[in-house]
Number of protein chains: 2
Amino acid sequence: MLESISLSQYELVYNAFSFTVAVMGAATAFLFLNRGQVAPVYRTAISISGLVTLIAMYHYVRIASSWAEAFTVGNGQIATSGIGFNDAYRYVDWLLTVPLLLIELILVMKLSRSETFAKATKLGFLAALMVVLGYPGEISTDAGTRWLWWSLSMIPFLVIVYDLFFGLKQSIDSQPEGARGLVSAARWVTVVSWMFYPIVFTLPMIGLTGGGATTAVQVGYTIADIVAKAGFGVLIYMIAVRKSEAEPDFAMSSAAPLQAKPSTT
Amino acid sequence: MLESISLSQYELVYNAFSFTVAVMGAATAFLFLNRGQVAPVYRTAISISGLVTLIAMYHYVRIASSWAEAFTVGNGQIATSGIGFNDAYRYVDWLLTVPLLLIELILVMKLSRSETFAKATKLGFLAALMVVLGYPGEISTDAGTRWLWWSLSMIPFLVIVYDLFFGLKQSIDSQPEGARGLVSAARWVTVVSWMFYPIVFTLPMIGLTGGGATTAVQVGYTIADIVAKAGFGVLIYMIAVRKSEAEPDFAMSSAAPLQAKPSTT
């Protein structure tokens with residue numbers, strides 16, 4: 001499929017990758033720097049959000065290099081170099097980051113210790129399984145093989161979605177009022193941004209071919225990664241800030257964020 | 001246009017890019033290190049100032065490499081290598097940093113939460129629109145096409161300038177007296193340094209041609225970026241330091257900057 005990429009498609013994809021390196025790097029710096037702005041109980045969630053964007057930044061540096069190496073560009077012409085584009089970087093990235101994204105969400109909800117452990121283990125395992133089952137389909141060009149693995153991968157995906165919507169419903173109702181809307185939004189961002197991946201995966205199977213299909217898949221995954229990792233990380237940070245305001249000890253300390261007013265009693 | 005670059009023009013541009021990597025890296029380190037010197041309420045503004053210079057440093061590393069790859073230099077001779085210079089790095093950078101620069105300014109003003117959100121959303125969106133509308137003109141060599149997109153891009157630009165001058169007037173009058181002059185200066189630095197960009201953009205359309213035009217555009221954008229990002233970031237830091245002195249709780253704590261005198265009551 002790389003043979004049919006035009007120079008402008010090549011440049012669009014390359015610039016999208018480079019943009020994502022910058023976004024993930026900036027998100028990482030923001031999350032690590034502002035970790036101290038939230039109450040100690042939420043700092044692990046913020047650290048993990050930053051780890052996700054850090055891991056993604058690393059992989060986008062590699063993905064951009066691999067993309068550039070797969071082509072020979074000169075005098076307004078483009079040809080494949082013979083070196084393949086390494087699609088596995090994305091799956092290696094997701095294998096690490098997708099379970100961490102679910103753990104972020106669970107940690108910021110501040111469930112009981114045993115519930116946190118049980119949910120994190122279950123959802124983390126399902127997320128890893130989902131990624132592993134998608135990979136054999138991704139590297140296949142046969143539509144039947146792609147649909148098979150896509151369907152298998154959708155099973156853990158749907159279990160996760162079900163669990164986020166119904167399993168966590170009760171926990172959301174017990175969130176402090178100021179944060180409930182944001183926690184619910186985080187759940188929605190997870191589900192909607194994750195929907196992108198199985199949809200983008202099917203683009204080559206539903207009629208898109210050649211350079212257009214490759215470009216759409218690469219740009220589509222990139223947009224999904226930005227929303228699901230950097231956007232989601234900032235949302236988790238906002239939830240943690242709001243919930244920290246509801247923590248009386250933290251709100252009174254000097255490290256409290258903007259709105260906190262010490263109410264001396 | 002790259003064909004007509006002389007060796008000394010090539011070197012001037014390359015050295016300007018390398019200089020900017022150093023300036024942006026140093027500004028990032030300064031802002032991140034000194035974040036704790038300001039009251040907690042201003043730390044997000046300082047973090048974002050550092051993110052802007054960090055993102056710019058990344059792009060100037062890429063821009064310098066792309067510039068070097070676009071030419072073959074040896075034995076005092078210069079020729080184009082056939083690999084194009086990637087102009088898109090600048091636009092990708094601006095797409096991220098220009099909205100963040102406006103958010104810095106809004107955050108350091110410490111408006112109400114709803115006003116902060118409304119202003120940041122509106123100005124951030126307009127800034128991104130301004131950058132996106134400029135790009136089709138930048139990659140065109142046709143003067144008519146360049147003027148068309150330049151004009152379209154100027155519409156959000158003028159709305160932002162109007163909003164900075166009139167929409168924020170009231171907020172500036174409510175700043176603490178010691179910081180009012182600096183906040184007003186930050187507004188001016190934004191408008192004046194941003195003026196550079198549309199002026200530099202028009203250089204190839206008003207008679208400058210060949211290597212001279214390319215050199216003037218690249219060096220011009222570079223100077224504008226240094227003023228608008230690193231210079232502006234330091235100004236935001238100075239404002240935050242001044243305003244922190246007016247925060248009674250912070251000024252009395254040990255983390256206060258030099259001038260703070262605890263007034264025991």
Side-chain angles (χ1 to χ4, degrees), chain A residues 7-8 10-38 53 57 60-61 64-65 68 71-78 178 226 230 234 237-238 241-242 244-245 250-262 264, chain B residues 28 31-33 35-36 39-59 61-63 65-66 69-70 80-84 86-97 100 107 110-113 116-117 135 139 247-250 252-256:
Chain A
L7 185 57
S8 60
Y10 163 81
E11 285 174 348
L12 174 66
V13 172
Y14 181 83
N15 289 321
F17 291 162
S18 176
F19 175 80
T20 311
V21 171
V23 169
M24 297 297 180
T28 306
F30 178 83
L31 292 164
F32 286 176
L33 280 170
N34 288 294
R35 199 176 148 274
Q37 300 288 101
V38 306
T53 51
M57 183 188 73
Y60 271 91
V61 169
S65 301
F71 299 94
T72 312
V73 177
N75 302 313
Q77 302 290 314
I78 184 164
I226 290 173
V234 171
Y237 173 74
M238 285 165 65
V241 168
R242 287 285 176 94
S244 297
E245 288 165 19
F250 182 70
M252 284 184 65
S253 82
S254 62
L258 10 168
Q259 304 74 8
K261 285 265 170 281
T264 38
Chain B
T28 306
L31 292 164
F32 285 176
L33 281 170
R35 198 176 149 273
V41 62
Y42 301 114
R43 286 185 192 156
T44 309
I46 306 303
S47 304
I48 293 180
S49 305
L51 295 185
V52 166
T53 52
L54 179 67
I55 294 167
M57 184 186 71
Y58 165 75
H59 284 115
V61 168
R62 293 278 197 188
I63 288 170
S65 301
S66 179
E69 278 177 15
T80 51
S81 68
I83 302 168
N86 188 359
D87 250 336
Y89 284 131
R90 290 199 181 284
Y91 279 78
V92 168
D93 178 86
W94 295 337
L95 194 59
L96 280 167
T97 56
L100 290 176
L107 283 177
K110 201 173 121 186
L111 311 174
S112 71
R113 187 180 270 189
T116 297
F117 185 81
Y135 187 62
I139 56 170
E247 299 269 324
D249 292 343
F250 182 71
M252 284 182 66
S253 82
S254 61

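Letters go in sequence order (proteins before strands), and every chain restarts at 1. Heavy atoms only: backbone and side chains are in, while hydrogens, waters and symmetry mates are out.
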Minimum heavy-atom distance between N34(A) and R35(B), given as atom pair plus value: OD1-NH2, 2.8 Å
Contact winner vs chain A - S81(B), G50(B), G82(B), heavy-atom pairs under 4.5 Å: G82(B)
Part of L100(B) lying under 4.5 Å from any heavy atom of chain A: neither
Chain B interface, residue from G74(A), G76(A), S18(A), A16(A) that has the most non-hydrogen pairs under 4.5 Å: S18(A)
Minimal non-hydrogen separation, H59(B) against A22(A), with atom names: CE1-CB, 3.7 Å
Any N86(B) side-chain heavy atom under 4.5 Å of N15(A) side chain: yes
Atom pair OH/OH of Y89(B) and Y14(A) - distance to nearest 0.5 Å: 3.0 Å
Nearest atoms (heavy-atom pairs only) where L51(B) meets A26(A): CD2-O, 3.3 Å
